[in-house]
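In what follows, a structure is listed as structure tokens, so that the remarks can point back to it.
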2 protein chains.
Amino acid sequence: MKQISTRFSMAVHILSLIAVNANEITGEYIAGSVNTNPVVIRRIMGLLKKAGLVDVRPGVGGAFLLRTPDRITLLDIYRAVNLLDDNRLFGIHEDSNIRCQVGRGIESVLQSELSEAQSAMERRLAQTTLSQLTAKFS
Amino acid sequence: MKQISTRFSMAVHILSLIAVNANEITGEYIAGSVNTNPVVIRRIMGLLKKAGLVDVRPGVGGAFLLRTPDRITLLDIYRAVNLLDDNRLFGIHEDSNIRCQVGRGIESVLQSELSEAQSAMERRLAQTTLSQLTAKFS
DNA sequence: CACCGATATAACCATTATAGTTACAACGGT
DNA sequence: ACCGTTGTAACTATAATGGTTATATCGGTG
């Protein structure tokens, strides 16, 4: 199966760098640390900006957080870069045959069960802040 | 972002049908209820067989569970059809620059945090059994 | 045995997400 | 005015997905 995109882990990496060195690092430097192309970094930065987590100084370069690192959770970052249809992690097949007893009921039952599972994951992500992460390698 | 494959929800649908009508339904009928091509059903059935959840009578047709529905959880089904590298739901970018303080530490820290989040989701999936599901539309 | 409906599997296809890349416009301080 | 930076568009290769056709095999029935 396909894993959740590495955009997420790269975004955490990016924000960690900014948290540690606000306004001192360029996209070029970040790309060097993440070990990828600068455009990939800028794309993710665009999502983080759209989510209101960071801002960037165009022209001159350098980025800074719009919230303190203890108020940015992994869930905030996850939501910023992983845009899902209707915010549903699990895909559910549609158009089940409504003339079948199982086909009729399966969608709504699964919908609620799977959204519970998704919530459990998200609650765990919400428990960890950026400052807790950076504390582990500073 | 890409959602988790509908293979999972289709697998739950399939097993629900088998739980309700053991040995009475063909792949053709299941395909009609799921509203897809029979080959798609057989592919998923193959995964479920490999996981030891069901068995099928070749030639004559019909499938049956190898465990009672109260001993099959959503996690069992999820694991049967969603094969992940090293069982990791979250992809993590590799080859971070080890000469950077953040790049050096990010991978292992993220690995443990994200596996916690994955576990939280899986624990929730493990709480629901096939019999609990079918009870809701029978 | 011959047939027929069923399962098993390979092969192919169109669609989509992803991550990387090149190219170019715009910004802003020196 | 220059130059390093950010912002985007466009293109690419790769891979997962879900569907489809085709073919082989199985097993009970006439």
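Residue numbering restarts at 1 for every chain, and letters A, B, ... go by the order of the sequence lines. Just so it is clear, the values below take in all heavy atoms, side chains as well, and ignore hydrogens, waters and symmetry mates. This one's a predicted model, so the numbers in the text were calculated from it and none came from an experiment.
Each of A/Val60 and B/Ala63 was matched to the nucleotide of DNA chain C holding its nearest heavy atom; the match closer to the 5' end belongs to B/Ala63. Both B/Thr26 and A/Thr6 lie near DNA chain C, and the one whose nearest nucleotide falls closer to the 5' end is B/Thr26. Remark on DNA chain D: of its neighbouring residues B/Arg7 and A/Arg42, the 5'-side contact belongs to A/Arg42, judged by nearest-heavy-atom nucleotide. Each of A/Gly59 and B/Pro38 has a nearest nucleotide on DNA chain D; the 5'-most of these lies closest to A/Gly59.
The shortest distance between side-chain heavy atoms of A/Thr128 and A/Arg124 falls below 4.5 Å. Counting only heavy atoms from C-beta outward, the side chains of B/Ser115 and B/Phe90 never approach each other to under 4.5 Å. Using a 4.5 Å cut-off on side-chain heavy atoms (C-beta onward), A/Leu130 and A/Asp70 make no contact.
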Which pairs, protein N/O on one side and nucleotides 11-15 of chain D N/O on the other, fall under 3.5 Å?
none

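Taking CG from A/Leu66 and CG from A/Leu48, the interatomic distance works out to 10.5 Å, rounded to the nearest 0.5 Å.
Remark: the backbone N or O of A/Thr129 is paired with a side-chain donor or acceptor of A/Gln132 at under 3.5 angstrom. Judged by distance alone, the side chain of B/Asn35 and the main-chain N or O of A/Asp95 form a donor-acceptor pair under 3.5 Å.
With salt bridges taken as basic N to acidic carboxylate O contacts below 4.0 Å, one links A/Glu113 and B/Lys136. The residues B/Asp76 and B/Arg67 are annotated as salt-bridged, a charged nitrogen and a carboxylate oxygen being separated by less than 4.0 angstrom.
Near DNA chain C, meaning a heavy atom under 4.0 Å away, there are no residues from residues 81-98 of chain B.
Within 4.0 Å (heavy atoms only), A/Met45 reaches no atom of the nucleic acid at all. Residue B/Gly62 is in sugar-phosphate contact alone, with no base atom involved, counting any heavy-atom pair closer than 4.0 Å across all strands shown.
Going from atom OH of A/Tyr29 over to atom C1' of D/dT6 covers 19 Å, rounded to whole Å. Taking atom CG of A/Asn37 as the reference point, atom P of D/dA10 lies 18 Å away to the nearest angstrom. For the pair B/Leu47 CG and D/dG18 P, the computed distance is 12 Å after rounding to whole Å.
Boundaries of the chain A contact region on DNA chain C are C/dT18 to C/dG28, first to last in 5' to 3' order (nucleotide atom under 4.0 Å from a heavy atom).
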Original post:
For A/Leu114 and B/Phe8, what are the C-alpha separation, side-chain angles and deciding distance, and is it a side chain to side chain contact (heavy atoms under 4.5 Å, CB included)?
Top reply: CA-CA 11 Å; A/Leu114 299 186; B/Phe8 178 33; 3.6 Å; yes
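Between the side chains of A/Gln111 and A/Glu107, no donor N or O sits under 3.5 Å from an acceptor N or O. For the residue pair B/Thr36 and A/His93, no side-chain donor N or O sits within less than 3.5 Å of a side-chain acceptor on the partner.
Considering only side-chain atoms of A/Val39, the nucleotide from D/dT20, D/dA9, D/dT6 that sits closest is D/dA9.
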